[in-house]
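I have placed the structure first, in the form of structure tokens, so that the comments after it can refer back to it.
Since this is a predicted model, take the numbers as computed values, not measurements. Counting begins at 1 with the first residue of the sequence.
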Amino acid sequence: MAQCVQSVQEFIQDSFVPMVAVLCSEDAERVTRKNSLSFPELLRPFCRLTSEGHLRDPNNQVVVVKGLRISVTGINTRPPQTPEMHRLLSQAVSVCQPPEGSPANVITAGDYDLNISDRTVKASVPWYSDWKETLTQLSSSKYYTATTPWFETYRENFLQSMPASEHEFLNHYLACMLVVSSCEAVPTEQFLKLSQEQHRIQHSGEYTHPKWFIPNTLKYYVLLHDISEGDEQRADSVYEDMKQRYGTQGCYLLKINSRSGSTGADEQMPDPWSQYLHKTSIHNPVNGPLVFADDNETHPLQLDQPTDAGYPSNNASQSVNNVDMTRPQKQASVTSHTTPTPRGTCLTLNDHDHIRQFIQEFTFRGLLPHIEKNIRQLNDQLVSRKGLSRSLFSATKKLFGGGKVPEKSIAELKNTAGLLYPSEAPELQIRKMADLCFLVQHYELAYNCYHTAKKDFLSDQAMLYAAGALEMAAVAAFLQSGAPRPYPAHYMDTAIQTYRDVCKNMLLAERCCLLSAEILKSQTKYSDAATLLIKMTSEDSDLRSALLLEQAAHCFINMRGPMVRKFAFHMILAGHRFSKAGQKRHALRCYCQALQVYKGKGWALAEDHINFTIGRQSFTLRQPDNAVAAFRHILINDSKQSAVQQTAFLREYLYVYKVRNTHRLSCDDLFPIMPTSEMKMNTAQFIYSDKKSEKQAATHVSLDQEFDRDLSPLWRELEERVVAVVNRGAVPITFQPSQCCLNSQTDNLRYPLAVVEEPIIVEVVFRNPLKIPLALSALCLLWKFTPKDFSDPQGNTTMALNDIIDTQVIPEFTISPEETKVARLKLLPHKTGELHVLGVVYNLGTGEVDNSEGSLAEDLMCVRGQQNLEIQGPRLNMTKEEKTSVTYGPDHRLDPIITPLMPLLEVFFINFPTGLLCGEIRKAWVEFVNVSAVPLTGLRVASTHPEFFTFGSAASDLTPVTPTAAEHCSAYKTVAMPPSVEIVSLVSPAAFGVTSGDRPVVAEIPLSQGVLGPGEALQIPLWLRGPDREGVHEINFLFYYESTEKTAKLSHRVLRHTAFICASRSLSVRATASRSNTLHSRERETEERQEGEEKNGSMLVFVDVENINTSEAGVREFHIVQVSSSSRQWRLHKCINPVGDKDSKLASRERGKLCFKATRCRTEEGGASSSRAHTQIISTTPCADFFFRRGLPSEPRRGGVSTGGASQIWRQSGTDDGVTNIVKKCSEVELDIIVLWKAYVVEDNKQLILEGQLHVALQTIGKEACSLSQKEDAQSIAISRIRPTSEDFMFLTFFFLLFSSLCMVPVTLTLSNCSLAQVDVIVDLRHKTTSPESLEVHGSFSWLGQTQYKLQLQAQEVYRLSLKACFFQAGVYNLGTPRVFAKLAQTSAMCETSQQSAMPALIIINSV
């Protein structure tokens, strides 16, 4: 049960007090009415004695009476009416609400902090995290319980309103005060009339009520003297006469009204009657009716803002689930229809003392002696009648000393509840004596008497009397000091069962239940108390059931192991019964308290029921804000209700919301139906125009793109590079990267910048959690704008809203059941200033059209509201204070600054490919369009792959001039030349934007006069080269441009583009440089150039070209068109083609080897040379562009390329000696090989010619260089071994015929099939550098012609294969280097088996 203000002993003592009746004359009543009080009301605050009283029991033992309270009421002869009593009790409960400023009573149970005082409501989430830890915490913590003053008020009024019964005497009158005014002409005659009236009421038999304790009722004569009007001497003389007539102990002179009501009205006198007179009792009929607050007034429950973010409210002190039972001016709400009348205005503090002294004199000198005398008389009568010993003490000892008679159960007893004893029956005399002893706190004697009477009643089967004796025997046993015996709870259980089932008297059963529950609670037997309270609930009284269920819920929460869910369940039951009883406010309070437990725990249906009831009750109590919040909570969660039920909830919610708005002047409060799960803001304009299919617009930034956190630093770095180039190598301190799309993952600490006349798009994601459609209409953004003229700070004018910002309105926005839908809302600013996007506004409907009700229903079920877009910034975690607390930084993504006009660029790519061969050259076109009203300048482009594209050098020929004219033209410019003539051209890297130290990352795009005007477009060619690595490549372009007019807010703008290129395999080029022995040529030529070459030295360059394309992209064959070189020191001199002057053709998986003689050139001749072609390609663009933009495979990603292209030498500064440095320098080569090729592709039954170029950088003599990285090359070799094609691997070798130092020797390789099955044989003539045979080779030699053969040998067949070896210098060589692989022809094995190597075959080459 809840905590009570009184202790259980005080509660029981105040529940059973001596009853004193009052009869007043008219003049005496007039005297007291001066103070707006009747005489009983005048005495009520002073009816508790402040000093101890004494009396003696029949054994002459002194009994001390402490804190005795008497009940003084007027005589009411009308029998009590049960409906009237129920009405008064209901009013008493309804008027009592939690007091203002009550301390917060918090019960901690598991993860719950339940504030039962209802000032706040907080329930933590999730469910019990650690039950064992929770129990440990609870066992060591102090328990706090809540007070329920409405229950105490009900209990007090109920006990005081108990009708007098024949089976007990506790609420019978013991005495009667006869009050006469001293102003009476003959006061004694008036006393006589009142005495006769009292005797007539008690003994005439005309009245059944009230009940009197004993026939000889104590009459106490009170002379009331009004000091302000009466004659004090006359009053004293009358009082002296009264003392002679009635005795000094039977009368009293009470002097009051020491001042008149008008004088001293400004003095503040205490009002002790206020806390008593609002209580109601049927024994006080003269009281005026209680005045209660109208149910239609604002309910004193104030709903506080909860900790749950799912309950937004329009201010910080209102919410549906936080109940504040306190409210200012509580008394004003109780007496709202009448002005409170001041009481006791004619009384002074001395008068208060006079009244207090009067009560004490009456009790000590009149009432207690009267009770003591009656106890002795009853004891004597009982002793004489029973024939027992002198005192009841000895009698009860003898009775209890022997064996106990077994008591019969209730089921065995007959229904004799209607049995009545005569008034002089000894059983009733015992009960009367027990009640007298109980009233004066002599509990031991009272218990003995009750116990004796109980046995007599049970033997007579007088069940009503027996139940009363059991009830009071249990109470008396509990109240005995020293606790000589335990509390007999079974007495109470038997009494309750008898009252309820046998006697059918629910009032007595309820009283017995209230007493027993309070006693059990004091003994911390909360489980027994809860069980008892729940048993007393029934359908005959909703109010009683509601109060008892609420107390049972408090019992569950106060247990050592709090039963939180039982508490919540019984609070729901109590709220339901409160609602049936008409107690709407208490019902709302119970539901709100129960919601603390059910909220956020997955009990969806229960939570919906509670919120629905809270909404209904709040609306009934005219609290529309709380009703709206409650209904809203049903709709925002993932409800498990059916679609029909959700429709009903939504309709009711819309109705309540519309009713609420009718009482308001504006609709500025929140209207949160659906939570916003994500928001993005875009400050760039997107124009999706209908262009030709070959045109591809730059991707830039779109709301459809998924934000990639890893790409943000990349775009920032590209922008920094361009800004650094523009600012002569230094990035300004004030530089901030451009942000076109803002979301929760971007840096939103700065205010974003938008541009006038460019739309701002805000993307809001709505989620419909319901199973019914929602129809939103007139959806638009809510904003606030502060105009600011950045060019003229003083300008500030007022204009229409449409002249400032155009707001897009979405007429209809329907969200299907359980759908997440994106709404993109647009704003178009026309003025500069500061914009703040506050939220969205819309009309909400159910999404259904009711044809029966027509347009009226649609108008009723569609309301206007708004939802704020409040964004929480990132959590701060830098300083110590921020780490120890939860603080968040700002987020300004919805607060853009509108800047003046800026240019806006659009970029289109024409004929831009999606797939290329590795090294393929493709020509595309790029179109730049200025779609703004101001010109742009400083157009530049940066890329993560600068080697991928080029716009050509400044001096290059831009032919053909249009994309259409270039459709079937070559990317290279060629001229017909004899094969013996070599072309040497000097090329400067600076002509292609390459500076020393780095590759060109930023390229400037030439504009006509450096400006692209408004609406103008520019088309320029764009050469693309396929990446050297196969796979999908992401290539990022950043276009940078500026305005011709510099602004402080926005210095430049950027446009982003991301292209994806799928690169397929083409050719693999390997090159090796070897020294040549040509120092003593027998055939000297007389030409000067030849002598210079011999003096400068020469070397042999072997270029190994392999077609690694596996017929991908429809490629049939590759042709080696031209081999060029670039070096400051070397140039390719001669190339000998033994098969003619045709192009070298390589089919799939074929390999060719080219041999060149390289000679040193003069310093002034350093440049690029080409050889091995009938037609010489002389165009520098794009050949030289891509050569200078290339990235070496061995370089880091952002490594630089020095001037001279691949002539970069890997020099190391170390501590080696001079000889080592000289040897190392002699082995260095600065020679770059460029292989130009053509590929014939079949696509859509058409043959296309693709062109490309590959680069190889030779660094060291004898060290092989490759156009592919080692990883890719190894992968391609492995694949070629595992998946051989059906074609023969042809290897074409071209060698020199003019050099006498070469020796070519024919060699025959004999293959013998020793098995009886067909065998597939592969002969590979390539040297295996890791084999032991290579160690035996002195010098260098090479196999000419086809270096790989695929043969099939029949059973026991011998096959002779003719080969040719080429030797470059004299020496001893091992010709046993060919590798032979074989497998059975019929097997499906993928790999051949390597055969045993043949014996060494040595050959000696002599020098001639």
Side-chain angles (χ1 to χ4, degrees), residues 6 10 13-14 17-24 28-29 31-55 64-74 156 160 174-182 218 220-228 230 232 235-236 239 242-243 248-259 261 264 267-279 281 284 342-371 439-441:
Q6 295 176 312
E10 294 173 344
Q13 289 175 3
D14 288 349
V17 295
M19 302 286 294
V20 179
V22 173
L23 280 177
C24 292
E29 192 68 29
V31 172
T32 58
R33 283 297 175 189
K34 287 184 178 181
N35 298 286
S36 302
L37 297 168
S38 64
F39 188 77
E41 293 173 346
L42 180 69
L43 302 182
R44 189 167 301 171
F46 310 99
C47 286
R48 184 178 296 279
L49 300 181
T50 57
S51 57
E52 297 179 356
H54 301 83
L55 74 161
V64 180
V65 183
K66 299 179 181 179
L68 180 64
R69 187 179 72 87
I70 62 175
S71 176
V72 180
T73 59
E156 181 179 353
Q160 292 181 1
L174 275 169
C176 181
M177 291 182 181
L178 307 178
V179 185
V180 175
S181 173
S182 61
L218 171 65
Y220 197 81
Y221 301 90
V222 181
L223 182 64
L224 189 63
H225 176 63
D226 190 342
I227 299 177
S228 61
E232 190 170 353
D236 292 339
Y239 179 58
M242 291 171 59
K243 288 194 290 185
T248 57
Q249 296 181 352
C251 60
Y252 192 84
L253 173 60
L254 178 60
K255 299 179 180 180
I256 59 173
N257 295 347
S258 298
R259 63 174 184 175
E267 297 181 11
Q268 295 293 331
M269 294 296 294
D271 184 10
W273 297 273
S274 60
Q275 57 180 328
Y276 293 95
L277 297 187
H278 73 279
K279 299 177 182 179
S281 173
N284 190 15
R343 304 180 183 89
T345 55
C346 298
L347 302 177
T348 63
L349 294 179
N350 289 333
D351 293 335
H352 293 182
D353 294 337
H354 292 162
I355 298 173
R356 189 175 293 107
Q357 186 177 2
F358 159 68
I359 294 297
Q360 187 168 349
E361 286 291 323
F362 164 74
T363 305
F364 291 161
R365 304 185 64 181
L367 184 60
L368 289 182
H370 176 72
I371 293 175
L439 291 175
V440 295
Q441 303 176 11

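Residues satisfying the salt bridge (charged side-chain N to carboxylate O under 4.0 Å, His left out) test with Asp236, not counting sequence neighbours, are Lys255. Under the ring-ring contact (aromatic ring centres under 6.0 Å, His included) criterion, Phe364 pairs with no residue, sequence neighbours left out. Remark: Ser182 engages His225 in a side-chain hydrogen bond (donor to acceptor under 3.5 Å, both in side chains) (not counting sequence neighbours).
Counting only heavy atoms from C-beta outward, the side chains of Leu42 and Ile256 approach each other to under 4.5 Å. Between His354 and Leu254 there is a side-chain heavy-atom pair separated by less than 4.5 Å. Between Val20 and Phe362, the closest side-chain pair of non-hydrogen atoms falls below 4.5 Å. Annotation: side chain of Arg69 is not in contact with side chain of Leu49 (no heavy-atom distance under 4.5 Å). Counting heavy atoms from C-beta on, the side chains of Leu223 and Cys251 never come closer than 4.5 Å. Side-chain contact check for Leu43 versus Ile355: some heavy-atom pair is nearer than 4.5 Å. For the pair Ile70 and Arg48, the minimum side-chain heavy-atom distance is 4.5 Å or more. A 4.5 Å side-chain heavy-atom check between Gln160 and Ser71 finds every atom pair outside the cut-off.
In plain terms, the two heavy atoms of Cys346 and Asp351 that are nearest each other are O-OD2, 3.6 Å. Residues Leu439 and Pro18 share a closest heavy-atom pair of CD2-N, 4.0 Å. The two atoms that bring Gly74 and Pro40 nearest to each other are N-CG, 3.8 Å, heavy atoms only. Asp271 and Ser274 make their closest contact through O-OG, 3.3 Å (heavy atoms, listed as atom of the first residue, atom of the second, distance). Nearest approach of Lys66 to Gln13, heavy atoms of both residues: O-OE1, 4.3 Å. Scanning all heavy atoms of the two residues, the minimum distance from Leu37 to Gly344 falls at CD1-N, 4.3 Å.
Interatomic distance, Thr50 OG1 to Leu68 CG, rounded to the nearest 0.5 Å: 11.5 Å. If you take OG on Ser51 and CZ on Arg356, they are separated by 11.0 Å, rounding to the nearest 0.5 Å. Distance check, rounded to the nearest 0.5 Å: CD of Glu29 to CG of Leu224 gives 10.0 Å.
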Should Leu368 and Thr363 be marked as a side chain to side chain contact (heavy atoms under 4.5 Å, CB included) after you check the CA-CA gap, both sets of side-chain angles, and the distance that decides it?
CA-CA 6 Å; Leu368 289 182; Thr363 305; 4.1 Å; yes

Assess the residue pair Val72 and Met19 against the criterion (side chain to side chain contact (heavy atoms under 4.5 Å, CB included)); give the C-alpha distance rounded to whole Å, side-chain angles, the decisive distance to 0.1 Å, and a yes or no.
CA-CA 6 Å; Val72 180; Met19 302 286 294; over 6 Å; no

Stepwise, does the side chain to side chain contact (heavy atoms under 4.5 Å, CB included) test hold for Glu52 with Val64?
CA-CA 7 Å; Glu52 297 179 356; Val64 180; 3.4 Å; yes

Go through the steps for Phe39 and Val31 under the test side chain to side chain contact (heavy atoms under 4.5 Å, CB included), then give the verdict.
CA-CA 9 Å; Phe39 188 77; Val31 172; over 6 Å; no

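Ring geometry for Tyr239 versus Tyr252: interplanar angle over 60°, hence perpendicular rather than tilted (30 to 60°). Between His352 and Phe46, the angle of the ring planes lies from 30° to 60°, which puts this pair in the tilted group.
Side chain of Asn257 to main chain of Leu347: no donor-acceptor pair is present (N/O by atom type, distance under 3.5 Å, no hydrogens or angles). Formation of a donor-acceptor pair under 3.5 Å by the Glu41 side chain with backbone atoms of Ser38 is found in this model.
Ser228 and Asp226 share a side-chain donor-acceptor pair at under 3.5 Å.
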